[in-house]
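Here is the structure we will look at, set down as C-alpha cells.
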Number of protein chains: 2
Amino acid sequence: MATSTVENYLKEILVITLEESVSKVPMGQVARVLGVTPGTATSMAKSLERDGWIKYFPRVGVSLTRKGRKLAMNMLRRHRLLETFLVETLGLDWSEIHAEAEELEHAISEKVLEKLDEFLGRPRFDPHGDPIPSKGGVIQQLSSKPLSDFEKDAEIRIESIIDQDKEFLKFARKTKLVPGQRFKIIGKEDCADSITLKNSRGKEVNLGFRSAEKVLALPFES
Amino acid sequence: MATSTVENYLKEILVITLEESVSKVPMGQVARVLGVTPGTATSMAKSLERDGWIKYFPRVGVSLTRKGRKLAMNMLRRHRLLETFLVETLGLDWSEIHAEAEELEHAISEKVLEKLDEFLGRPRFDPHGDPIPSKGGVIQQLSSKPLSDFEKDAEIRIESIIDQDKEFLKFARKTKLVPGQRFKIIGKEDCADSITLKNSRGKEVNLGFRSAEKVLALPFES
DNA sequence: ACTATAACTTTGATTAGTCAAAATATTTTA
DNA sequence: TAAAATATTTTGACTAATCAAAGTTATAGT
C-alpha cells in the first residue's frame, strides 16, 4: 500500500503530465510543486521506481508506469470529488477547498468515495470545471481554449478558470464567469486588448486579454 | 502540531479513562488497543511526555495532561461527528463506520468539521448513542445503566450498545434495540436469567442477562 | 571553446515510529 | 516466601521521509 507521500508525488506528476502534455517531468519541477528540496525529490524518485510506480531517467526526469498512472488517476478522482462535496454540500469557499481536499483525499476509503459520488449525483466536473476521472481512471479530455482565442460572435461555455488568484476568483464569481455559464462574445478589439461578453440575461462583462487567457471555454452549440 | 499517531494514542487513552473511570492507564492496555508491541508503547509514552501531552509513571501507566485531554476530546468529537455523517448522510452501515472515521478524523480541518456539524444539525449523540463532545471539549456524561440493572415495569430509553460484535449489532438493529428507542420492561426473571421488553407498538424482545449487560439505558419519564 | 550558471545527484545526518528479543520488576500462586 | 507467571522497560536495528551542503553534469552566453 502506498503512503500518502507516495500518493502526492504520483498525483503531482500526473497533473504536470496532463497540463503540459509532456512525457517526462524534470526533478526540479517535482521538487518545486511538492515543496521539498531537489535532493529529496531525487531520492524519492529512486524509491518510487524501486516500487514500480514510475520510471526514473537520471538527469532527465520521471514518468508514470501503468500502475503509477492508475493510482494517480484515482487520487485525482478523490481530490475532485471531495472538492465538489466541499462546495456543493458544505458550502465552503472556492478558494479554500483545494487545501482541504489535499488532506482528505488520502484518508477516504474507496467505499465512502463511492457513496459520496452517488450522494453528489455522479458529477462529471468539479467546481473549477476540471473533469473528474471515472472509477476506471478515464478522464474526459475536452479541447477547451482560452477565451482570448475565440472570435467575435462565438457562443461559448466556460470550462475552467486557470488562475488561482483570490481577487480574480472573486471577480469571476461576481460576474458569473464560472464553469458552466454560457456567453456570447459580442466584441473583440485586438488593438485595444479587450473582449466583451454577454450572457443570456443580457449582462455584459469586459475583460482584458491578460485575464481572458486565464479563462478556458468551449464552443457551444445552441 | 500533533501527528496522527499522537492523536491516536491520546484518543485511546482518553476513551479508556472515560470508560473505566481510571486516572492512569497501564502501558500494556495502551499497547493492546493501539495494536503495537509493549516496547513501542513505552517509548511512545516517553515522547508524549516530552511534548507535554501526558504524564508517564514508569511501571504504572499514563494519564493525560490538560493539553493532552483537550486534544483527545477534540479527536473524539471529530470521530463521533464523522460517524454520524457516514450513517446519516451517506447511509453506511453501523458496523463499518468506526474504521472509516478512524482515518478521516485526522484529515478533517476544524473549519470543515464546523460546516459538517452545522450540516448535520449539531447532533449531540452519535449513531452508537455516545455523546459528542462540544467544541470546547465538554462531554455530556449520562448516568446510563445496563438494562439488567433495571426493575420490572421500568420505562427506559436505550442509550448505547457497548458490544461491537457484528452478530449482536445485527440482532439489535432488527429488534429496534438501538439508541433513542423507548421500551418498557414487562418481565424480569432473575432465576431464568431473562428480561422481556415491549416497545410502544407492542413488539416484544427477549434478552438473556449476558446480552442485557451490553445494552445501556436511561430511565425515561413519560 | 571556455566559463559561468543552473539543474541535478550524492552524502551524511536527523526524526518519527516501529519490532524483536533480552533484561528487569511486579504480582500471583503454591 | 520462593518460584513461576505476567507486565514493563531497555537495547539495538530498521524504514520512510526529510534537509543541508558538497559534488557533478549539462546548458547558455560570450
Side-chain angles (χ1 to χ4, degrees), chain A residues 1-13 16-17 20 22-65 67-68 71-72 75 102-103 105-107, chain B residues 1-13 16-17 20 22-65 67-68 71-72 75 102-103 105-107:
Chain A
M1 246 284 298
T3 63
S4 57
T5 308
V6 168
E7 292 177 341
N8 276 334
Y9 274 81
L10 298 180
K11 190 190 60 175
E12 296 300 346
I13 292 167
I16 295 170
T17 306
E20 309 188 359
V22 289
S23 65
K24 296 189 187 74
V25 182
M27 295 321 296
Q29 203 170 357
V30 172
R32 192 155 31 74
V33 297
L34 283 155
V36 296
T37 60
T40 301
T42 298
S43 87
M44 194 61 191
K46 288 178 185 168
S47 10
L48 290 177
E49 178 163 64
R50 181 201 58 199
D51 298 340
W53 300 112
I54 65 172
K55 270 254 155 231
Y56 169 48
F57 306 91
R59 301 210 172 253
V60 179
V62 292
S63 65
L64 295 167
T65 61
K67 168 179 159 187
L71 179 54
M75 292 316 295
E102 202 71 12
E103 291 300 316
E105 67 192 15
H106 306 293
Chain B
M1 246 284 299
T3 64
S4 58
T5 309
V6 168
E7 292 177 341
N8 275 335
Y9 274 81
L10 298 180
K11 190 190 62 176
E12 295 301 345
I13 292 168
I16 294 169
T17 305
E20 308 188 359
V22 289
S23 64
K24 296 188 187 72
V25 182
M27 295 322 296
Q29 201 170 358
V30 172
R32 190 155 32 73
V33 296
L34 283 154
V36 296
T37 60
T40 300
T42 296
S43 86
M44 194 62 191
K46 288 177 185 168
S47 9
L48 290 177
E49 178 163 64
R50 181 201 59 198
D51 298 340
W53 301 113
I54 65 172
K55 269 257 157 224
Y56 168 49
F57 306 89
R59 300 212 172 252
V60 179
V62 292
S63 65
L64 295 167
T65 60
K67 166 180 160 187
L71 179 54
M75 292 316 295
E102 202 71 15
E103 292 298 317
E105 67 193 16
H106 307 293

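Chain A is the first sequence line, chain B the second, and so forth, proteins listed ahead of strands; every chain is numbered from 1.
- Smallest separation of non-hydrogen atoms from Ile54(B) and Ala45(B): CD1-O, 3.6 Å.
- Within residues 36-52 of chain B, the residues approached by DNA chain D to less than 4.0 Å at the level of any non-hydrogen atom are Pro38(B), Gly39(B), Thr42(B), Lys46(B), in residue-number order.
- With rounding to the nearest 0.5 angstrom, the CD1 atom of Ile13(A) is 6.5 Å from the CG atom of Leu48(A).
- First and last contacts of DNA chain D with chain A, using any nucleotide atom under 4.0 Å from a protein heavy atom and ordered 5' to 3', fall at dA16(D) to dT25(D).
- Interatomic distance, CD1 of Ile16(B) versus NZ of Lys11(B), reported as 11.5 Å (0.5 Å rounding).
- Here CE of Met44(B) is found 9.0 Å from CG of Leu34(B). Values are rounded to the nearest 0.5 Å.
- Rounded to an integer number of Å, the gap from Gln29(A) CD to dT9(C) P is 14 Å.
- Here dT18(C) presents its C1' atom at 8 Å from OH of Tyr9(B), a figure rounded to the nearest Å.
- Between the CH2 atom of Trp53(B) and the P atom of dG17(C) there is a distance of 12 Å, given to the nearest Å.
- Phe57(A) comes within contact range of no nucleotide atom at all, as no heavy-atom separation falls under 4.0 Å.
- With values rounded to the nearest 0.5 angstrom, Leu10(A) atom CG is found 9.0 Å from Met75(A) atom CE.
- Proximity of Met27(A) to Arg59(A): side-chain heavy atoms (C-beta onward) are nowhere separated by under 4.5 Å.
- Atom pair Asn8(B):CG and dG17(C):P shows a separation of 10 Å (rounding to whole Å applied).
- Between Arg59(A) atom CZ and dT9(C) atom P the separation is 6 Å, expressed in whole Å.
- Scanning all heavy atoms of the two residues, the minimum distance from Glu20(B) to Gln29(B) falls at OE2-NE2, 3.0 Å.
- If you take OG1 on Thr65(A) and CH2 on Trp53(A), they are separated by 8.0 Å, rounding to the nearest 0.5 Å.
- For His106(B) and dG17(C), the NE2 to C1' distance is 14 Å, given to the nearest whole Å.
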